[in-house]
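Could you have a look at this structure, given as structure tokens, before my questions?
None of the values given here were measured: they were computed from a predicted structure.
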Amino acid sequence: MRIHALPPQLINQIAAGEVVERPASVIKELVENSLDAGASRIDVEIEQGGIKLMRVKDDGLGIHREDLALALARHATSKITDLKDLERVTSMGFRGEALPSIASVSRLGISSRAADAESGWCVSSDGTADVEQPSPAAHPGGTSIEVRDLFYNTPARRKFLKTEKTEFGHIENLVRQLALGHFNVAFSLRHNRRETLMLPVAEQRVDQERRLAEVLGPAFLEQAIFLEQVHAGLRLTGWVAHPTFSRSQGDMQYFYVNGRAIRDKLVTHAVRQAYRDVLYHGRHPAYVLYLSIDPVMVDVNVHPTKHEVRFRDGRTVHDFLFRTLHHALSDTSPGQAVDPDTGEILPVAAPADDQSPRETFGTDAQQPFRFKIRERSSGYQPSFNIQHPGEPGPAGLDGPESLVPPLGYALAQLKGVYILAENEEGLVLVDMHAAHERITYERFKKDRSSSGIRSQPLLVPVSVAVSRREADLAESQQEMFHGLGMEVDRLGAETLVIRAIPILLQGTDPEKLLRDLLSDLVVFGNSKRVETEIDQVLATMACHGSVRANRRLTLEEMNALLRDMEATERSDQCNHGRPTWTRLEMKDLDRLFLRGR
């Protein structure tokens, strides 16, 4: 066939295939246009899952009469004017394809009144290339767009739509996602004339958390840690849920870059690395996070629907995300609290005379009774001093104000599995094996960090054929390999040889380990794969070396375990992501026994 130019209408319908997948795709484009117009309120109305009608109304800047017809023309936009604008995009949309693409597969109408105009105007399209001239319309400041009979002129695509309930579910999830990314905008959503979502503006933190609870449920907020970190031009804020609030799927993962919701491999990898020590295998973390970065340092023009981005310095972004989240999740031991106003993680108040809680017990008037616990089966030997029975609370922990430690003091052991303790709030229950497993594991990791990763030479070096790029990368990363306990040399342009691996990874396939490391380095700029493999070995050792069920502990041993929990990072959950302790406050106990009624 001869080469020929495509008609404009067909061009728009082809473009619609990239932009308009289903009704939710239309809502995304329209709501993002409203956000770019500076709207403070956006109302979304849906009928029959969006197939019959989608209406988006905002109170933004509006569209001038002369621009209404141009809004339905391809590659027409008010958001960029030259290449410099494209290199630092701050708007949600900028391609100028959304409205003409939507108009080519539906019956579309726009009514708008510009902020400085005395009256409103409207324009419509019936799915053809013809666009009517604007006509007067009564309309407040802002814009309303109606999309009716989606895919009426492309029946083959209409057949791929799901049920009304399914399509509306996608729209509802999308509006929730957009609402979490723009607290300064009020959102409402109606389906078949029934209100399903009403979210007022949430400028203050308390209002933002109210919106979080409305969108994700109160359980997420109850289990979430607020964080805020700034470093090297990057700013990360938001909420991450405790590992014990993990999900069977990644349905509570919201990440925003400069207000744009994205799903990015680099981001996902950094988050999973931060959770790797505390998340049960196969589970997914929950989070709502906001990354602010200079627009010049991120390219949002790499995907038609702008779900993906490309960071100019991906390694720096990856390290920043990992370290920030890793630190936040590390600081969740029972010995720490969170400031309800700032969200800052606060340490436990220092004991009297700046002495360690596990070093001094008893009062000045009495000679403290010293002893050392010897745990035959696990080597668990913390020093611990206690008061004699019937004596006042220990001064090293209580002080003059009788401050009780976060996990309180042991009362008894239940069925050889749980420790029962009393603190200021009520009853504390501790899974002693899970708690001791975390304590032992963290000690193993600390020892590894202080002494480094020991390596062992291979009896027979392993040659690995790689690409020239991978060989160059390995040659430039000799210091990193040495720090991981590996010796990797270059034999030729496309050949590497492995001469040593970490001693704890005996039996591991060296070639597979190296290929995985190189893959991570190529994609993410770094790798935690060796540390992950070693940590799994240490976790197994910690599990076998921890106190087992039905092991009877004395009160002194129980209290020693509680104090160690308070001093250990991540001790809220075991190595498998299970909780190590829980608490029943007095009000909870009173409710159980109907006290006060």
Within a strict 4.5 Å, meaning less than it, do heavy atoms of the V309 and V267 side chains meet?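 No, too far: nothing below the 4.5 Å cut-off.
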Side chain to side chain contact (heavy atoms under 4.5 Å, CB included) for F311 and T316? Distances and angles first, verdict last. CA-CA 9 Å; F311 297 102; T316 297; over 6 Å; no
Test item: H139 side-chain N/O and W121 main-chain N/O as donor-acceptor pair under 3.5 Å: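 Judged by distance alone, no pair lies under 3.5 Å.
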Pair R276 + D535, salt bridge at N-O below 4.0 Å: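 Yes.
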Heavy-atom side-chain proximity of Y290 to L236 below 4.5 angstrom: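 With C-beta onward as the side chain, the pair stays apart.
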Could you grab the distance from atom CD1 of I51 to atom OG of S106, nearest 0.5 Å is fine?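 Reported value, rounded in 0.5 Å steps: 13.0 Å.
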More than 12 foreign heavy atoms under 6.0 Å from CD of Q204: is that the case here?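 12 or below, so no.
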Among residues two or more places apart or on two chains, list those pairs meeting salt bridge (charged side-chain N to carboxylate O under 4.0 Å, His left out) that have a residue in residues 229-249.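 Output for this query lists E228-R235, R247-D251.
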Between S101 and S104, does a side chain to side chain donor-acceptor pair (under 3.5 Å) hold up when you go through it step by step? CA-CA 5 Å; S101 297; S104 70; 5.6 Å; no
Passing candidate, salt bridge (Lys or Arg N to Asp or Glu O under 4.0 Å) with E167, options R158, R22, K162: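 That would be R22; it is the only one of R158, R22, K162 passing the salt bridge (Lys or Arg N to Asp or Glu O under 4.0 Å) with E167.
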Going by side-chain contact (heavy atoms from CB on, under 4.5 Å), V105 matches just one of V26, L150, V147. Which one?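 Among V26, L150, V147, the one meeting side-chain contact (heavy atoms from CB on, under 4.5 Å) with V105 is L150.
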Looking at D516 and K512, does any basic side-chain N land under 4.0 Å from a carboxylate oxygen?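 Yes, this pair counts.
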Nearest heavy atoms of L329 and A274, plus distance in Å: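 Shortest heavy-atom contact: CD1-O, 3.6 Å.
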Any heavy-atom pair between the side chains of V522 and L473 that's under 4.5 Å?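 Yes, close enough: below the 4.5 Å cut-off.
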Is the side chain of R113 donor-acceptor paired with the backbone N or O of A117 at a distance under 3.5 Å, no angle test?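 Side chain of R113 to backbone of A117: a pair is present.
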Closest non-hydrogen atom pair, L266 against G314: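 So the minimum-distance heavy-atom pair works out to CD1-O, 3.4 Å.
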Using the ring of each side chain (for Trp, its six-membered ring), is H318 parallel, tilted or perpendicular to H269, with breaks at 30° and 60°?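 Tilted: the ring planes of H318 and H269 meet at 30° to 60°.
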Does any N or O in the side chain of T580 come within less than 3.5 Å of the main-chain N or O of D572, such that one atom is a donor and the other an acceptor?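 A pair under 3.5 Å: yes.
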Do side-chain atoms of H191 reach the backbone of G49 as a donor and acceptor pair under 3.5 angstrom?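 Checked: pair present.
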Using the side chain to side chain contact (heavy atoms under 4.5 Å, CB included) rule, take V44 and L197 through it: C-alpha gap first, then chi angles, then the decisive distance, then the call. CA-CA 10 Å; V44 180; L197 202 62; over 6 Å; no
Compare all side-chain heavy atoms of V271 with those of L321 and state whether any distance is below 4.5 angstrom.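 The answer is no; the side chains never approach within 4.5 Å.
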Side-chain (S124) to main-chain (G109) donor-acceptor, under 3.5 angstrom: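 No; judged by distance alone, with no hydrogens or angles, the pair does not exist.
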With sequence neighbours excluded, tell me which residues meet side-chain contact (heavy atoms from CB on, under 4.5 Å) with H64.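 H64 satisfies side-chain contact (heavy atoms from CB on, under 4.5 Å) with E66, D67, A114, D116 once adjacent residues are dropped.
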Close side-chain approach of M54 to P23, heavy-atom, < 4.5 Å: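 Yes. Closest side-chain heavy atoms under 4.5 Å.
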Kindly compute the distance separating CD (E21) from CG (L161), expressed to the nearest 0.5 Å.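 It comes to 9.5 Å.
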Sequence neighbours left out, what passes side-chain contact (heavy atoms from CB on, under 4.5 Å) with Q208? Give chain and number order.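 Per chain and number, Q208 pairs via side-chain contact (heavy atoms from CB on, under 4.5 Å) with F183, A202, W239.
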Testing the basics here: between P285 and R272, what is the closest heavy-atom pair and its distance to 0.1 Å?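 Heavy-atom minimum between the residues: CD-NH1, 3.7 Å.
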Got a donor-acceptor contact below 3.5 angstrom from the R283 side chain to the S246 backbone?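 Judged by distance alone, yes, a pair lies under 3.5 Å.
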To the nearest 0.5 Å, what is the distance between CG (L234) and CG (D294)?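 So the CG of L234 and the CG of D294 are separated by 10.0 Å.
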Any idea which heavy atoms bring S112 and I63 closest together, and the distance?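 The answer is OG-N, 2.7 Å.
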NZ/NE/NH1/NH2 to OD/OE distance under 4.0 Å, E146 and R148: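 Looking at E146 and R148, the cut-off is met.
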Just by distance, do the side chain of T196 and the backbone of L189 share a donor-acceptor pair under 3.5 Å?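 Flag set: sc T196 to bb L189 pair under 3.5 Å.
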Treating T154 as the side-chain partner and R157 as the backbone partner, does any N or O pair qualify as donor plus acceptor under 3.5 Å?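 It does not hold such a pair.
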Would you mind telling me which of I262, L178, L180, T237 makes a side-chain contact (heavy atoms from CB on, under 4.5 Å) with Y256?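 When side-chain contact (heavy atoms from CB on, under 4.5 Å) is applied between Y256 and each of I262, L178, L180, T237, only L180 qualifies.
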D149 vs R107, salt bridge (Lys or Arg N to Asp or Glu O under 4.0 Å): CA-CA, chis, key distance, verdict: CA-CA 6 Å; D149 303 326; R107 295 186 172 92; 2.9 Å; yes
Of all the heavy-atom pairs spanning Y275 and A241, show the shortest one and how long it is.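 Minimum heavy-atom contact is OH-O, 2.7 Å.
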With rounding to the nearest 0.5 Å, note down the distance linking CZ in R469 to CD in E494.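 The CZ atom of R469 sits 13.5 Å away from the CD atom of E494.
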In plain terms, say whether E214 and R210 are close enough for a salt bridge, that is, a side-chain N and a carboxylate O under 4.0 Å apart.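 Salt bridge flag = no for R210 with E214.
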How long is the straight-line distance from OG of S188 back to CG of D43, given to the nearest 0.5 Å?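 Here the rounded value is 3.5 Å.
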Between D313 and R315, is there a salt bridge with N-O shorter than 4.0 Å?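 Salt bridge absent between R315 and D313.
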Distance-only, no hydrogens or angles: does the N258 side chain make a donor-acceptor pair with backbone N or O of I293 under 3.5 Å?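 Answer holds: yes.
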For the residue pair D58 and L35, establish whether any side-chain heavy-atom pair is separated by less than 4.5 Å.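 No; the side chains remain at least 4.5 Å from each other.
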Please tell me if the side chains of F226 and R205 come closer than 4.5 Å, counting only heavy atoms from C-beta onward.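 Heavy-atom side-chain distance check passes, below 4.5 Å.
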Nearest heavy-atom pair of L325 and L227: which atoms, and what distance?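 Minimum heavy-atom separation between L325 and L227: CD2-CD2, 3.7 Å.
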Worked verdict on V317 versus L291 for side chain to side chain contact (heavy atoms under 4.5 Å, CB included): CA-CA 9 Å; V317 173; L291 177 67; 4.1 Å; yes
Taking V201's backbone N and O only, do any of them form a donor-acceptor pair with D207's side chain (distance below 3.5 Å, no angle check)?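 No; zero donor-acceptor contacts below 3.5 Å.
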Is there side-chain contact between R515 and V464, with at least one heavy-atom pair below 4.5 Å?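 Side-chain contact under 4.5 Å: yes.
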CD of Q48 to CD1 of I46: how many Å apart, nearest 0.5 Å?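 So the gap between those two atoms works out to 11.5 Å.
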